[in-house]
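Atoms considered below: every heavy atom in the structure, side chains included; atoms not considered: hydrogens, waters and symmetry mates. Every chain is numbered from 1, with letters handed out A, B, ... down the list of sequences.
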Amino acid sequence: MSAITNSAAPLAELAWRELLSQHTEDLPAALAAGPVSAYVGFDPTASSLHVGNLIPIMGLVHLQRAGHRPIALVGGGTGMIGDPSGRSSERNLQDLDTIAANAEAIRLQLAKFLDFEGPNAAKLVNNLDWLGGLGLIEFLRDTGKHFSVNYMMAKDSVKSRLENGISYTEFTYMLLQAYDYLELNRREGVTLQMGGSDQWGNITAGLELIRKSKGTDAHALTFPLITNADGTKFGKSTGGGSVWLDPERTSPYKFYQFWMGADDRDVSRYLRFYTLLSLEEITALDEQVRSAPERRAAQRALAADVTARVHSADAARVAQEVSALLFEKGDPRALSEAAIGALRNEIPFAEYTAPETPVGDGIDVLHCLVLLNIAASRGAAKRLLEQGGISVNGAKVQTAMVGHDALLAGRHLLIKKGQRDFGLVHVG
RNA sequence: GGUGGGGUACUCAAGUGGCCAACGAGAUCAGACUGUAAAUCUGACGGCGCAAGCCUUCGAAGGUUCGAAUCCUUCCCCCACCA
């Protein structure tokens with residue numbers, strides 16, 4: 001997969017994909033000169049990466065495809081400090097065990113994107129390995145000495161926090177990141193660090209440190225911040241929660257649906273960002289968005305591609321089939337028992353248990369909504385019902401009770417909230 | 001340590017003794033319209049409850065009062081300036 005083709009190619013590729021924010025001037029020459037080792041850092045603040053991390057991951061992927069060597073750094077050490085970049089308030093510190101567990105989980109997720117075999121095999125490192133045993137005196141002598149406070153205060157990440165306060169700990173973050181870069185430069189010959197555009201300041205601090213301690217140059221590259229056309233934050237599901245790469249947190253079906261829901265105005269960019277489809281293929285899909293937007297061909301391609309990469313080709317196929325079942329087939333009452341069996345694994349499912357104080361005869365739909373976690377409380381469920389937001393087996397319902405005769409094959413109820421939130425209940 | 005300002009629901013932000021579950025905006029959810037899109041309009045938006053109503057909330061704990069987010073006391077935290 002990673003035959004060395006044209007080492008300078010990734011820049012051209014990143015450029016047409018609109019993934020370049022800024023980079024150091026002589027980076028093109030460095031990439032053209034031969035394989036380069038490049039790294040991106042990931043914060044182990046959660047036990048899973050989310051779709052917001054995909055851009056830097058894809059950056060590594062493109063680099064590796066062009067024959068360079070990608071290194072993913074898990075911030076087991078820096079994660080205990082917290083990066084002030086892009087944040088308005090102080091972080092909560094996390095304990096060691098949590099961070100170690102998170103770092104390991106993230107490592108496994110990254111392994112899905114990068115090739116760890118071959119001449120330019122990817123590598124995973126954890127900065128706890130060198131930061132953990134770093135002494136304060138040593139750090140101040142060798143690293144702190146190279147930075148003036150004036151320089152540090154001029155960085156955006158610090159400047160924007162001066163009004164509301166920033167702890168000494170977070171203030172020091174950029175030095176630790178700089179130290180990481182220097183350390184990787186020494187250990188692994190890394191000469192390129194990449195990251196989101198908010199990382200520019202931290203990355204250049206690293207360049208500074210390498211230049212001052214070793215007298216050699218290194219490079220920086222940043223990716224643009226991703227925005228949605230409607231101004232909302234990228235990477236939030238319709239429920240407002242993050243879209244995670246971990247199937248336990250965000251099911252493959254939900255994940256697939258997240259991409260299916262992409263705005264027409266965004267989908268072309270997302271194809272460039274998050275898939276490896278060629279410019280020709282994407283241009284063809286763009287054309288389809290223009291001529292037949294209602295077919296959502298681009299969204300389908302996007303969802304299928306990303307789901308397959310993050311989960312598996314199988315998971316993507318199942319998500320696709322389930323989506324077709326829920327959105328494209330006519331009457332749920334015609335669903336076979338086998339089809340319902342497949343749904344059970346993909347959408348929220350609950351065994352029905354009668355509420356403690358039954359309101360009437362039959363099956364209590366409000367209770368089902370609570371069981372399925374589709375509604376937070378019975379009161380919320382009731383409001384949804386009153387507003388006509390609830391369908392059972394494809395038909396709107398206005399009453400809280402449905403008779404047992406409504407049950408589908410295998411005694412199930414298919415419940416829908418709004419346009420696209422489904423749940424399945426089995427009545428024993 | 002001193003002086004002044006501030007801590008209100010997911011976020012921003014009104015509210016200075018009863019009309020406050022708390023103005024408004026954003027976010028979110030639902031409905032109409034649609035294409036699983038956008039925009040627009042409508043409604044909902046602390047919890048429980050069919051309802052009447054009950055319960056919990058305005059940094060924390062006490063107190064005054066028939067009644068407090070609003071007044072008093074102590075404490076915690078943030079910001080600015082001064083030392």
(request) Grab the NZ-C1' distance between A/K416 and B/rG31 for me, whole Å please. (result) 13 Å
(request) Measure the distance from CZ on A/F327 to P on B/rG35 and round it to the nearest whole Å. (result) 15 Å
(message) Taking the C1' atom in each of B/rG15 and B/rG6, what is the distance between them to the nearest angstrom?
(response) 15 Å
(message) Rounding to an integer number of angstrom, what distance separates B/rU28 and B/rU11 when you compare their P atoms?
(response) 15 Å
(request) Look through every strand shown and name the nucleotide pairing with B/rU70 as Watson-Crick or G-U wobble, where both distances are under 3.5 Å. (result) none
(message) What I want to find out is whether A/K254 reaches A/D421 closely enough, with some N-O distance under 4.0 Å, to be called a salt bridge.
(response) yes
(message) If the cut-off is 4.0 Å, is A/R378 near the phosphate of B/rC50, judged by side-chain N/O to OP1 or OP2?
(response) yes
(request) Determine the Euclidean distance between corresponding C1' atoms of B/rG7 and B/rG18; express it in Å to zero decimal places. (result) 25 Å
(message) For A/G379 and A/Y256, find the nucleotide of RNA chain B closest to each by heavy atoms; which residue's nucleotide sits nearer the 5' end?
(response) A/Y256
(request) Write down the partner of B/rA32 under the Watson-Crick or G-U wobble criteria, each distance required to be under 3.5 Å. (result) B/rU40
(request) Compare all side-chain heavy atoms of A/L176 with those of A/F139 and state whether any distance is below 4.5 angstrom. (result) yes
Using nucleotides 37-40 of chain B, report all nitrogen or oxygen pairs with the protein that are shorter than 3.5 Å.
{"from": "B/rA37", "atom 1": "OP1", "to": "A/R420", "atom 2": "NH1", "distance (Å)": "3.4"}
{"from": "B/rA37", "atom 1": "O4'", "to": "A/R296", "atom 2": "NH1", "distance (Å)": "3.0"}
{"from": "B/rA38", "atom 1": "O3'", "to": "A/R265", "atom 2": "NH2", "distance (Å)": "3.4"}
{"from": "B/rA38", "atom 1": "O2'", "to": "A/R265", "atom 2": "NH2", "distance (Å)": "3.3"}

(request) Specify the separation, in whole Å, of atom CG of A/L385 and atom C1' of B/rC45. (result) 17 Å
Would you tabulate the side-chain donor-acceptor contacts of residues 145-152 of chain A under 3.5 Å, counting partners in other chains and residues two or more places apart, or write 'none'?
{"from": "A/H146", "atom 1": "NE2", "to": "A/D142", "atom 2": "O", "distance (Å)": "3.3"}
{"from": "A/S148", "atom 1": "OG", "to": "A/Y151", "atom 2": "N", "distance (Å)": "3.0"}
{"from": "A/Y151", "atom 1": "OH", "to": "A/K155", "atom 2": "NZ", "distance (Å)": "3.0"}

(message) Starting the side chain at C-beta, find the nucleotide from B/rG49, B/rG43, B/rU36 nearest to A/Q387.
(response) B/rG43
(message) Tell me if a side-chain donor or acceptor on A/N202 pairs with a main-chain N or O of A/A178 at a distance below 3.5 Å.
(response) no
(message) Are A/H311 and A/F255, when compared by the centres of their aromatic rings, separated by less than 6.0 Å?
(response) yes
(request) Could you tell me whether the side chains of A/S48 and A/Q109 share a donor-acceptor contact shorter than 3.5 Å? (result) yes
(request) Round to a whole Å and report the spacing from CD of A/E346 to P of B/rU36. (result) 21 Å
(message) I'd like the P distance from B/rA22 over to B/rU3, given in whole Å.
(response) 39 Å
(request) Describe the nucleic acid contact of A/K396 in one word from base, sugar-phosphate, nothing, applying a heavy-atom distance below 4.0 Å. (result) sugar-phosphate
(request) Could you tell me the separation between the NZ atom of A/K417 and the C1' atom of B/rU28, rounded to a whole number of Å? (result) 9 Å
(request) Can you figure out which of B/rG49, B/rA30, B/rU36 approaches the side chain of A/L384 most closely? (result) B/rA30
(request) Look through every strand shown and name the nucleotide pairing with B/rA80 as Watson-Crick or G-U wobble, where both distances are under 3.5 Å. (result) B/rU3
(message) Please report the distance, rounded to the nearest Å, between CD in A/Q320 and C1' in B/rU36.
(response) 14 Å
(request) Could you work out the separation of B/rG47 and B/rU56 based on their C1' atoms and round it to a whole Å? (result) 7 Å
(message) Which nucleotide, if any, forms a Watson-Crick or G-U wobble pair with B/rC75, using both distances under 3.5 Å?
(response) B/rG59
(message) In whole Å, measure the gap between the C1' atoms of B/rA21 and B/rC54 for me.
(response) 13 Å
(request) Taking atom P in both B/rG53 and B/rC20, compute the distance separating them and give it to the nearest angstrom. (result) 16 Å
(request) Starting from C1' on B/rA30, measure out to CD1 on A/I374 and report it in whole angstrom. (result) 13 Å
(request) Look at the side-chain N and O atoms of A/K382 and state whether any lies under 4.0 Å from the OP1 or OP2 oxygen of B/rA51. (result) yes
(message) Between A/Y274 and A/F234, is the ring centroid distance below 6.0 Å?
(response) yes
(message) Counting only Watson-Crick pairs (N1-N3 plus N6-O4 or O6-N4) and G-U wobbles (N1-O2, O6-N3), all under 3.5 Å, who is the partner of B/rG24?
(response) B/rC12
(message) If you assign A/A380 and A/S323 each to the RNA chain B nucleotide with the nearest heavy atom, which residue ends up on the more 5' nucleotide?
(response) A/S323
(request) Applying ring-ring contact (aromatic ring centres under 6.0 Å, His included), name anything that partners A/H62, two or more places apart in sequence or on another chain. (result) none
(message) What contact category does A/E386 fall into here, base, sugar-phosphate, or nothing, at under 4.0 angstrom with non-hydrogen atoms?
(response) nothing
(message) For A/F327 and A/F422, I'd like to know if the aromatic rings sit close, meaning centre-to-centre distance below 6.0 Å.
(response) yes
(request) For A/I415 and B/rA30, give me the distance from atom CD1 to atom P, rounded to whole Å. (result) 15 Å
(request) Take atom C1' in B/rU16 and the same atom in B/rA27, then report the distance between them in whole Å. (result) 29 Å
